[in-house]
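Below, each value reflects all heavy atoms present in this structure, side chains not excepted, and no hydrogens, waters or symmetry copies.
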Amino acid sequence: MKDKFFVKDHSVSQENFQLIYDEDLDMYKTFPQPSIEQLPKYYESDDYISHTDSKRNLTEILYHTVRKFSLKNKLRLINQYGRGKNLLDVGCGTGEFLKIANENAWEIKGIEPDTKARALANEKTQNSVFDYDQLQSFRFAQFDVITLWHVLEHLPNLDKQISIFKSLLKEDGRLLIAVPNFNSYDANHYGENWAAFDAPRHLWHFSKTSIEKIFRKNGMVVEKHIPMKFDSFYVSLLSEKYKSGSSNYFNAFWQGLKSNLYAMTSGEYSSLIYVIKKA
């Protein structure tokens, strides 16, 4: 990809933003980044899918169908690490993951800045979800597992955020982070129309190298990474619409499949889960 290029906010504002490559970290940064006060307006859309449980069209139906399958995989993953079964899910959306974890004997807490999504989540979790300010009020080393499912790319002040998560994690705990990968086949195929750029909501655009470097300088290490194979299909579906103005389901499926086939040898899946521990 280029050192810098423009992408359009197709979801909300229709504005253009520049992505600038950081060679030291092997990542792209959105420029300009909205201020903390401005950011919420870029989430004000009925089409922002992680903040709603609606199933109004085929794309939303597919998203929620895949989400059910993914939730079971995520539960199996956290069960490998939760000796004390204390879970914090940051950016929990409407609370589906917390709900299934709680039903499987996990003590749950969630963070969700969006008011409407948080209200939906609290209906499912006996009011276990809080605004972002609550993050500072949890106990030191309180959690066995902290999860951020496609959330890290949304957070300003990365080093500060990672320091907070590290302090809340038990010594033998795990931080599980899922983020898009701009080195994937589908990212390179769709270029500026790749839906997972999602600027300006996505402030950072990661590679495997950047995740390892960012966490290493904050005293944490990547233990392993796990592919999210369904993401290439969903991202390709949105990218087709951004590219051509219509949902080309056949071509989206084909590009998503090609992305996963490419990743079988390269390891560069559309999205990856990183299992991270204290160094």
Side-chain angles (χ1 to χ4, degrees), residues 11-12 36 39-57 59-79 81-82 84-139 142-156 161 164-165 168-169 173-180 196 198 201-203 228 230-231 234 271 273:
S11 300
V12 179
I36 300 295
L39 264 176
K41 77 176 185 179
Y42 291 101
Y43 291 85
E44 293 174 359
S45 170
D46 292 336
D47 294 328
Y48 196 69
I49 200 162
S50 67
H51 287 172
T52 178
D53 287 335
S54 63
K55 300 176 183 177
R56 299 165 298 179
N57 52 55
T59 300
E60 290 183 351
I61 291 169
L62 289 171
Y63 172 84
H64 290 293
T65 301
V66 171
R67 185 172 71 173
K68 287 182 180 180
F69 180 82
S70 298
L71 288 173
K72 294 178 181 178
N73 284 342
K74 291 173 182 177
L75 180 64
R76 280 194 291 268
L77 181 58
I78 66 171
N79 281 338
Y81 303 108
K85 305 205 89 170
N86 284 290
L87 169 69
L88 172 64
D89 187 24
V90 179
C92 66
T94 61
E96 287 295 322
F97 176 60
L98 286 174
K99 180 174 180 286
I100 193 173
N102 190 228
E103 290 169 350
N104 286 269
W106 282 81
E107 294 290 329
I108 58 167
K109 299 293 182 186
I111 296 292
E112 176 50 56
D114 184 80
T115 305
K116 292 180 180 178
R118 188 167 66 247
L120 290 171
N122 274 322
E123 290 175 6
K124 303 170 187 175
T125 64
Q126 294 79 51
N127 295 313
S128 298
V129 178
F130 307 92
D131 201 354
Y132 200 82
D133 293 342
Q134 177 66 25
L135 199 61
Q136 304 277 9
S137 302
F138 293 128
R139 298 191 315 275
Q142 181 172 344
F143 299 102
D144 297 279
V145 176
I146 300 175
T147 54
L148 293 90
W149 307 118
H150 287 292
V151 171
L152 188 70
E153 60 269 34
H154 295 260
L155 300 180
Q161 307 289 351
I164 293 171
F165 302 143
L168 296 176
L169 200 63
R174 294 297 187 278
L175 183 62
L176 305 182
I177 290 176
V179 291
D198 199 25
R201 288 161 295 279
H202 290 190
L203 306 174
M228 302 186 78
F230 282 110
D231 279 31
Y234 179 70
S271 292
I273 298 171

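- Annotation for Ala178 and Ile273: closest pair CB-CG1, 4.0 Å, computed over non-hydrogen atoms.
- A search for ring-ring contact (aromatic ring centres under 6.0 Å, His included) contacts involving Phe230 returns Phe69, not counting sequence neighbours.
- Between the CG atom in Leu155 and the NE2 atom in His202 there is a gap of 10.5 Å [rounded to 0.5 Å].
- For Arg139, the side-chain contact (heavy atoms from CB on, under 4.5 Å) partners at least two apart in sequence or on another chain are Gln142.
- Nearest heavy atoms, Glu112 versus Gly91: OE1-C, 3.5 Å.
- Contact of the Val179 side chain with the Ser271 side chain is not registered, since no non-hydrogen atoms from C-beta on lie closer than 4.5 Å.
- Residues Ile36 and Pro40 share a closest heavy-atom pair of O-CD, 3.4 Å.
- Within the 4.5 Å cutoff, the side chain of Val12 has heavy atoms near those of the Arg201 side chain.
- The nearest pair of heavy atoms linking Ala121 to Cys92 is CB-SG, 4.4 Å.
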Derivation of the side chain to side chain contact (heavy atoms under 4.5 Å, CB included) call for Leu135 and Leu168: CA-CA 9 Å; Leu135 199 61; Leu168 296 176; 3.9 Å; yes
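- With a 4.5 Å cut-off on side-chain heavy atoms, Leu88 and Leu169 do not count as touching.
- Evaluation of the side-chain hydrogen bond (donor to acceptor under 3.5 Å, both in side chains) test over residues 98-110, restricted to residues two or more places apart or in two chains, returns Asn79-Trp106, Lys99-Glu103.
- With contacts defined as side-chain heavy-atom distances shorter than 4.5 Å, the pair Arg118/Asn122 qualifies.
- Counting heavy atoms from C-beta on, the side chains of Val145 and Leu77 never come closer than 4.5 Å.
- Of all heavy-atom pairs between Ile108 and Ala101, the closest is CG2-CB, 4.1 Å.
- Here Trp149 pairs with Phe97 under the ring-ring contact (aromatic ring centres under 6.0 Å, His included) rule; sequence neighbours left out.
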Show your working on side chain to side chain contact (heavy atoms under 4.5 Å, CB included) between Ile177 and Phe165 and close with a plain yes or no. CA-CA 11 Å; Ile177 290 176; Phe165 302 143; 5.8 Å; no
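- Side chain of Asn86 to main chain of Asp144: no donor-acceptor pair is present (N/O by atom type, distance under 3.5 Å, no hydrogens or angles).
- With contacts defined as side-chain heavy-atom distances shorter than 4.5 Å, the pair Ile111/Phe138 qualifies.
- Judged as a side chain to side chain donor-acceptor pair (under 3.5 Å), and not counting sequence neighbours, the contacts of Gln161 are Tyr132.
- The heavy-atom pair separating Leu203 from His154 by the smallest distance is CD1-O, 3.5 Å.
- When the ring-ring contact (aromatic ring centres under 6.0 Å, His included) test is applied to Phe130, no partner is found at least two apart in sequence or on another chain.
- Using a 4.5 Å heavy-atom cutoff, the side chains of Glu96 and Leu71 are in contact.
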